[in-house]
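So you know, we letter chains A, B, ... as the sequences are listed, proteins then strands, and number each from 1. FYI, side chains are in, hydrogens and waters are out, and symmetry mates aren't considered; it's all heavy atoms of this structure.
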Protein chains: 2
Amino acid sequence: MTELMLPERQNRIRQRLAQDGRVLAAALALEFSVSEDTIRRDLREMAAAGLCERVYGGALPVGLANTSLRQRMSVAMERKRALAEVAIRQIVPRSVVFFDAGSTHLAIAEALPDDLALTAVTNAPAIAMALAEKPAVDTILIGGLVDRVAGGAVGARAIEALSGMRFDLCLIGTCGIDGEGGLSAFGYEDAALKQFAITRSSRVLVAATTEKFSVSAPYAVASAAQYHCLVVEEDADPVRLQIIRKEGCEIIVAGRGAASAA
Amino acid sequence: MTELMLPERQNRIRQRLAQDGRVLAAALALEFSVSEDTIRRDLREMAAAGLCERVYGGALPVGLANTSLRQRMSVAMERKRALAEVAIRQIVPRSVVFFDAGSTHLAIAEALPDDLALTAVTNAPAIAMALAEKPAVDTILIGGLVDRVAGGAVGARAIEALSGMRFDLCLIGTCGIDGEGGLSAFGYEDAALKQFAITRSSRVLVAATTEKFSVSAPYAVASAAQYHCLVVEEDADPVRLQIIRKEGCEIIVAGRGAASAA
DNA sequence: GTGAATCATGCACAATTACGCTAAAACGTG
DNA sequence: CACGTTTTAGCGTAATTGTGCATGATTCAC
């Protein structure tokens with residue numbers, strides 16, 4: 001067998017991953033005649049790019065280990081709730097609000113007060129369920145092919161359903177935030193839907209936990225100039241926040257009164 | 001069986017939880033060829049993440065502090081699971097199946113085996129969530145205005161989305177069954193959606209718990225001639241079943257000879 | 001109560017991993 | 001071609017992780 005170039009090797013790993021549903025680092029090293037170190041580096045890179053999920057001994061495809069929204073929901077829940085409380089204050093009664101899929105938005109939906117009247121639109125089943133519990137909320141579900149990873153409907157049907165709507169506020173989730181405040185997503189279709197939702201909305205709010213600042217995902221969604229308000233946690237890096245603020249974006253720090261000033 | 005990686009094992013445990021409604025530590029240890037200690041650690045972790053509830057000897061699904069539909073779900077849970085097991089046997093692999101909203105159908109979705117490949121269409125967020133956990137199922141969500149009572153999308157948008165589809169099988173819920181096997185629903189729009197779904201499907205299956213036979217709801221959905229298969233419990237009235245059978249409807253009685261979980 | 005089963009905790013061992021370092025190869029540039 | 005820079009791969013070492021076992025403590029069933 002001829003030696004493989006790095007991208008070729010990673011492609012083969014991806015193939016094996018899809019085929020077998022898992023790969024072992026030791027086995028791959030043997031198969032490609034390279035050290036386990038090299039394989040581990042590959043897997044680490046691929047995991048950072050969202051192509052697989054690193055586990056002890058090898059890697060799994062993105063879907064298998066953590067898909068469950070419930071699982072994502074259970075991590076950092078109190079922090080997400082804190083973000084939610086602040087984000088809710090940005091919602092104008094009787095307005096039309098789009099809830100993008102994501103565990104933070106689920107936390108927001110759950111935390112809505114019972115007397116807040118709202119027309120809520122969402123592509124995420126979990127969020128729709130939470131919204132259905134709120135007596136003053138009319139819930140509109142966006143249909144389409146359900147993306148396991150994103151936890152909501154995406155694709156042509158979803159975009160089509162959105163195209164007939166106008167939102168007063170749009171809550172957009174993000175998988176990562178880059179240095180200039182640019183948002184990115186792991187899924188191609190997911191990113192497309194987010195982008196489209198933004199175009200249908202007069203105001204865009206992004207709520208992000210601090211770890212989002214150290215993640216970069218492959219598909220760009222929006223630059224800082226395209227959203228109006230960013231809700232972050234107290235421990236977010238002030239330098240990076242300042243950069244984003246310069247783009248004309250209002251920054252709200254959760255857990256500190258209601259002030260946005262640094 | 002090959003050895004499983006830690007996340008894979010925990011995933012399997014989660015599946016067993018959803019499917020069987022409980023797991024025993026000792027049995028899992030045997031099944032996965034690891035020590036009970038390891039299983040106990042898994043269960044402890046999962047419980048800490050809110051994915052299950054730890055009990056003496058094993059674990060139970062979390063389902064205790066959940067939504068109102070979950071509440072309906074907990075009513076007659078065992079019986080619905082029994083219906084579900086039978087109904088699943090009517091599903092042809094690789095077919096396109098519509099899941100109407102309803103707690104019985106949620107039970108069916110949760111009990112689907114992992115290796116059953118399927119295109120599932122549903123208007124119910126809760127069912128969409130359950131389906132998203134099944135690795136071999138493509139889930140299509142029907143959007144529209146969410147009906148709180150029915151627990152799914154209804155109305156013009158939902159009908160429109162359905163109109164472009166053809167189903168191999170259609171699982172229709174019912175609020176009541178009259179003397180001649182006619183189905184009825186409490187919601188006007190809900191009834192309309194059920195009717196329309198039936199017209200899009202080559203085969204229609206109804207799963208009903210026994211109490212449905214003593215309920216009659218205001219809006220007619222379908223007569224016995226319009227569905228092909230009725231799954232009922234063991235204690236359903238044989239006289240009424242005979243009448244429905246005469247309409248050309250196959251009747252399947254669940255629970256005969258299967259006394260599994262306690 | 002009493003015995004058996006199940007449990008949490010601490011510890012030990014092996015496998016796996018990240019990190020820093022080095023060397024070789026590939027690349028661009030004048 | 002010579003040169004510095006970047007990329008890539010291998011190695012040693014220390015740290016981390018998953019697992020099984022021993023030990024009491026706890027819980028359950030009778």
Side-chain angles (χ1 to χ4, degrees), chain A residues 1-17 20-62 64-66 68 71-72 74-76 176 179 211 213-216 218, chain B residues 1-17 20-62 64 261-262:
Chain A
M1 172 173 67
T2 83
E3 277 187 12
L4 297 170
M5 300 280 143
L6 178 143
E8 203 174 349
R9 193 178 53 227
Q10 294 199 2
N11 259 352
R12 291 280 274 271
I13 294 178
R14 217 158 16 139
Q15 211 172 312
R16 297 296 292 260
L17 209 45
D20 304 342
R22 59 113 100 52
V23 292
L24 287 315
L28 290 174
L30 198 67
E31 181 176 342
F32 297 134
S33 308
V34 293
S35 75
E36 290 190 30
D37 252 284
T38 302
I39 296 294
R40 273 196 284 272
R41 261 187 279 252
D42 287 336
L43 295 180
R44 236 180 300 169
E45 276 180 39
M46 292 169 64
L51 295 169
C52 72
E53 186 144 341
R54 203 65 236 283
V55 301
Y56 195 82
L60 297 173
V62 270
L64 279 183
N66 88 353
S68 161
Q71 197 155 7
R72 263 181 291 164
S74 53
V75 295
E211 69 266 17
F213 284 96
S214 52
V215 175
S216 97
Chain B
M1 172 175 75
T2 72
E3 276 186 12
L4 295 169
M5 317 224 216
L6 179 144
E8 286 181 301
R9 194 179 53 228
Q10 295 198 2
N11 253 3
R12 293 280 274 269
I13 294 177
R14 259 196 322 165
Q15 289 160 11
R16 298 298 290 259
L17 261 179
D20 304 342
R22 68 167 171 173
V23 292
L24 287 317
L28 290 173
L30 197 67
E31 181 176 342
F32 298 132
S33 309
V34 293
S35 74
E36 290 189 32
D37 268 282
T38 301
I39 295 295
R40 272 196 283 272
R41 261 186 281 253
D42 286 336
L43 295 180
R44 235 181 301 168
E45 274 181 41
M46 292 168 63
L51 296 169
C52 72
E53 190 158 329
R54 203 65 235 283
V55 297
Y56 196 83
L60 297 173
V62 56
L64 279 90

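- Within 3.5 Å, no donor on the side chain of B:Arg9 pairs with an acceptor on the base of D:dG18, nor the reverse.
- We find that CD1 of B:Ile39 is positioned 11 Å from P of C:dC7, with the value rounded to whole Å.
- Distances from the side chain of B:Tyr56 to the nucleotides D:dT16, C:dC7, D:dC21 place C:dC7 closest.
- When each of B:Ala25 and B:Arg41 is assigned the nucleotide of DNA chain C with its nearest heavy atom, B:Ala25 is the one assigned upstream, toward the 5' end.
- The phosphate of C:dC7 (OP1 or OP2) has a side-chain N or O of B:Arg54 nearer than 4.0 angstrom.
- Between B:Glu45 and B:Leu51, every side-chain heavy-atom pair lies at or beyond the 4.5 Å cut-off.
- Counting to the nearest Å, the P atom of D:dG10 and the CD atom of A:Glu36 are 11 Å from each other.
- In this structure, A:Asp42 atom CG and C:dT17 atom C1' are separated by 15 Å, rounded to whole Å.
- B:Leu6 places its CG atom 11 Å from the P atom of D:dG20, with the value rounded to the nearest Å.
- Rounded to whole angstrom, the span from the CG atom of B:Leu4 across to the C1' atom of D:dT19 amounts to 15 Å.
- In this model, the phosphate group of D:dG20 is approached by a side-chain N or O of B:Ser35 to a distance below 4.0 Å at OP1 or OP2.
- Contact annotation for B:Arg44: base contact, defined as any heavy-atom pair under 4.0 Å involving a base atom.
- How far CG of A:Leu60 is from CD of A:Glu53: 7.0 Å, rounded to the nearest 0.5 Å.
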Can you check side-chain contact (heavy atoms from CB on, under 4.5 Å) on A:Arg9 and A:Val34, steps first, answer last? CA-CA 10 Å; A:Arg9 193 178 53 227; A:Val34 293; 4.1 Å; yes
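- One atom, CD of A:Glu45, and another, C1' of D:dT8, lie 10 Å apart when rounded to the nearest Å.
- To the nearest 0.5 Å, atom CZ of residue B:Arg40 and atom CG of residue B:Asp42 are 11.5 Å apart.
- For the OP1/OP2 pair of D:dG10 and a distance below 4.0 Å, the side-chain nitrogens and oxygens of A:Thr38 include at least one atom meeting the criterion.
- Rounded to whole Å, the distance from CZ on A:Arg40 to P on D:dC11 is 12 Å.
- Atom CD of residue A:Glu31 and atom CZ of residue A:Arg16 lie 4.0 Å apart, to the nearest 0.5 angstrom.
- The nearest whole Å value for the distance from the CE atom in B:Met5 to the C1' atom in C:dT16 is 12 Å.
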